[in-house]
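Just so we're on the same page: letters track the sequence lines, and every chain starts at 1.
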Amino acid sequence: MVFSQTLTNWYSINKRDLPWRNTVEPYRIWLSEIILQQTQIKQGLPYYQAFVNAYPDVKKLADAPQDHVLKLWQGLGYYSRARNLHETAKHVAYNLNGNFPDSYKDLLKLKGVGDYTASAIASICYNEKKAVLDGNVYRVLSRYFGVDEPINTSKGFKVFKALAQEQLDSNNPANYNQAIMDFGATQCTPKKVQCNNCPLSESCVAYRKDLVDVLPVKLKAKKPKKKYYNFLVYLSTDNKTFLEQRTGKGIWKGLYQFPLLETEKPITHTDLKKQIANNQKQAFDLRLFNTKDIVHKLSHQHLHTKFWIIDVQELSENSILISELKNYPVPVLIEKFIEAFNFS
DNA sequence: AACGCGGGGGA
DNA sequence: TCCCCAGCGTT
């Protein structure tokens, strides 16, 4: 009680003014929550604005082509969020008559909506008594109550979810949930934590025992895997090129890229030239755009990338105009190349 | 229970 | 360089 009361008092003074806080419309709350999964507000905010502008309601989103949705999502990462967002919009618009589910239990059935997001929407839109558990909440709870259970295990989830639910201010779940998250994001931060002016420090276990920089405990992630990507940038005399859409299970599903040759090790100019010659009759000229590998770092992969330019006379039917490149959703790695190469 | 999935930013 | 971020779906 003291804990939640202090948090909501703190929130009434320090609450950040954010666009999705001026509404309880489920569509907008849902949209903001999907965008903000594993994403800081500073990064997600312009995407939220762009989506609201392009798709003011769920039916507009449902009726958009997937390429347009992915294009708006471009650069935000975790693209399954965009695909699930689109699929759920169609489901809500056409199977649920445009109405979002109005309970935690039913929200959980939506694709892309897990425990956190269902709790957030249920509490914010319908004031259901469901405590949210995100990175901020883990941090605040583990520090204040001195819980050293690792947070990234299934046991850790259960322990903290129960603690979170216990602390929930059942009189105002919507306000409490946003208070504890804002508190974690701006006051009880991962680093440079502001204990000096913290309203909870007196009774905070981590503060009293000098464990603030130890909690929360998190099991270490695996090292990222090294991969070698060779993008084949075909270029015809009439300014056309090839683009392919990524399918299957890996990264960037649904996005477009220049034809990709992945190798076990770095490939030489000579070897690549032979491979390409085996696959086509037409004469071509091969040159390497970047002399040093471009290393694109993702949380789980390091992509050592070469962009090869293949000059040819002409390209077959399914090629596209260089001027159309900007219409396709592409990974940041590809976008940066297009910018740098400038197709002069 | 473990793993794969992006990209930006802070220290 | 490492860690973190309004997590989720699949295996």
Checking all strands, does [X] fall into the base, sugar-phosphate, or nothing category for heavy-atom contacts under 4.0 angstrom?
X        : answer
A:Gly75  : sugar-phosphate
A:Asp115 : sugar-phosphate
A:Trp20  : base
A:Leu110 : sugar-phosphate
A:Lys253 : nothing
A:Gly250 : sugar-phosphate

Lys/Arg-Asp/Glu bridge criterion (N-O < 4.0 Å) met for [X], [Y]:
X        : Y        : result
A:Asp182 : A:Arg21  : yes
A:Glu25  : A:Arg28  : yes
A:Lys71  : A:Asp67  : no
A:Asp115 : A:Lys161 : yes
A:Arg287 : A:Asp311 : yes

Could you check whether the side chain of A:Ser80 and the base of C:dG9 have a donor-acceptor pair of N or O atoms closer than 3.5 Å, going by distance alone?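 No pair found.
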
Yes or no on ring-ring contact (aromatic ring centres under 6.0 Å, His included) for A:Phe100 and A:Trp30, after CA distance, side-chain angles and deciding distance? CA-CA 9 Å; A:Phe100 274 84; A:Trp30 164 72; 5.0 Å; yes

Rounded off to whole Å, could you give me the [atom1]-to-[atom2] distance for the [X] and [N] pair?
X        : N     : atom1 : atom2 : result
A:Tyr138 : C:dG7 : OH    : C1'   : 9 Å
A:His300 : B:dC3 : NE2   : P     : 14 Å
A:Ile124 : C:dA6 : CD1   : C1'   : 8 Å
A:Leu303 : B:dG4 : CG    : P     : 14 Å

Using both distances under 3.5 Å as the test, list the Watson-Crick or G-U wobble partner of B:dG6, or none.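 The base-pairing partner of B:dG6, which may sit in any strand shown, does not exist here.
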
Ring centroid separation for A:Trp73 and A:Phe51, is it under 6.0 angstrom?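 Yes, the ring centres sit under 6.0 Å apart.
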
Toward the 5' end of DNA chain C, which comes first, A:Ile41 or A:Leu108, by nearest nucleotide?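 Counting from the 5' end, the first nearest nucleotide belongs to A:Ile41.
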
Between A:Gln40 and A:Lys249, just flag the one whose closest nucleotide in DNA chain C comes earlier from the 5' side.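 The answer here is A:Gln40.
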
Closest to the [X] side chain: [options]?
X        : options              : value
A:His296 : B:dA11, B:dG7, C:dA6 : B:dG7
A:Ile251 : C:dG7, B:dG6, C:dA6  : B:dG6
A:Trp252 : B:dC3, B:dG10, B:dG7 : B:dG7
A:Tyr78  : C:dG7, C:dA6, B:dG6  : B:dG6
A:Met181 : C:dG7, C:dA6, B:dC3  : C:dA6

Pairwise P distance, C:dT11 and B:dG6 [rounded to whole Å]: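 About 15 Å, rounded to a whole number of Å.
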
Between B:dG8 and C:dC8, how far apart are the two P atoms, rounded to whole Å?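 Approximately 22 Å lies between the P atom of B:dG8 and that of C:dC8.
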
With a cut-off of under 6.0 Å to the ring centre and 45° to the axis, is A:Lys273 in cation-pi contact with A:Phe284?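 Flagged: A:Lys273 positioned over aromatic ring of A:Phe284.
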
Please enumerate all protein N or O atoms sitting under 3.5 Å from an N or O of nucleotides 1-3 of chain C, with distances to 0.1 Å.
none

Quick one: is A:Gln301 getting a side-chain N or O under 4.0 Å of the B:dC5 phosphate, OP1 or OP2?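 True: A:Gln301 side-chain N/O within range (under 4.0 Å) of B:dC5 OP1/OP2.
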
Compare side-chain N and O positions of A:Arg139 against OP1 and OP2 of C:dC5 and report whether any pair is under 4.0 Å apart.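 Answer yes for this pair, as a side-chain N or O of A:Arg139 is under 4.0 Å from OP1 or OP2.
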
